[in-house]
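One structure below.
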Amino acid sequence: MAGGWARDGAVQDQIDASIEDELKRMAARRGLVGESARTCIDCDEPIPEERRQAVPGVKLCRDCAADRDAAKARQPRPGINRRASKDSQLK
């Protein structure tokens with residue numbers, strides 16, 4: 001139920017659009033392709049064969065991948081503000 005000047009279903013449309021954007025972002029991240037590296041591109045340590053088979057296209061050892069993931073988690077991800085105040089719509 002939308003309120004104010006929004007049409008019925010507008011809130012659900014916003015939710016659906018947010019979910020669609022997030023799914024596209026996740027699909028873009030998914031793409032490791034190609035041959036797996038034998039050594040890590042960050043630390044030059046050998047990448048275990050089990051990891052190379054489990055993650056096709058892997059370029060980082062487990063420790064370096066965990067370090068990068070932790071660094072990304074600490075960075076704030078900008079959100080999309082799909083809400084506008086009624087005042088800004090009237091201007």
Side-chain angles (χ1 to χ4, degrees):
M1 177 174 116
W5 292 317
R7 65 175 179 74
D8 287 341
V11 173
Q12 186 62 46
D13 290 345
Q14 290 175 346
I15 294 169
D16 292 342
S18 295
I19 291 171
E20 185 177 330
D21 289 347
E22 187 66 15
L23 290 174
K24 286 179 186 177
R25 187 188 69 78
M26 289 175 67
R29 274 190 71 206
R30 189 178 322 146
L32 287 177
V33 293
E35 187 176 340
S36 296
R38 295 195 180 277
T39 59
C40 177
I41 61 173
D42 279 356
C43 68
D44 290 330
E45 291 292 321
I47 299 174
E49 185 63 30
E50 295 83 12
R51 178 168 172 77
R52 295 178 66 234
Q53 290 177 1
V55 185
V58 70
K59 306 291 185 214
L60 299 171
C61 67
R62 186 182 63 82
D63 293 336
C64 291
D67 290 345
R68 281 196 183 181
D69 289 344
K72 284 182 185 179
R74 287 189 298 267
Q75 294 176 348
R77 189 168 54 96
I80 297 173
N81 182 6
R82 296 188 185 279
R83 252 185 174 173
S85 68
K86 292 180 184 175
D87 291 339
S88 67
Q89 295 174 8
L90 294 174
K91 292 181 183 176

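Worth knowing before you read on, the calculation uses all heavy atoms, side chains too, and leaves out hydrogens, waters and symmetry mates.
- Residues that satisfy the side-chain contact (heavy atoms from CB on, under 4.5 Å) test with Q12, not counting sequence neighbours, are I15, D16.
- Here salt bridge (Lys or Arg N to Asp or Glu O under 4.0 Å) pairs that include residues 44-55, with residues two or more places apart or in two chains, are E49-R52.
- Applying the salt bridge (charged side-chain N to carboxylate O under 4.0 Å, His left out) test to K24 and every residue at least two apart in sequence or in another chain returns E20.
- What you find for I47 and A37 is that their closest heavy atoms are CD1-O, 3.5 Å.
- With sequence neighbours left out, the side-chain contact (heavy atoms from CB on, under 4.5 Å) criterion links T39 to no other residue.
- Nearest heavy-atom pair, A54 versus P56, reported as atom, atom and distance to 0.1 Å: O-CD, 3.5 Å.
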Which donor-acceptor pairs under 3.5 Å do the side chains of residues 60-70 make with protein atoms, sequence neighbours left out?
{"unit_1": "R68", "atom_1": "NE", "unit_2": "D42", "atom_2": "OD2", "d": "3.2"}
{"unit_1": "R68", "atom_1": "NH2", "unit_2": "D42", "atom_2": "OD1", "d": "2.9"}
{"unit_1": "R68", "atom_1": "NH2", "unit_2": "D42", "atom_2": "OD2", "d": "3.2"}

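- C40 SG to K59 NZ: the interatomic distance, rounded to the nearest 0.5 Å, is 11.5 Å.
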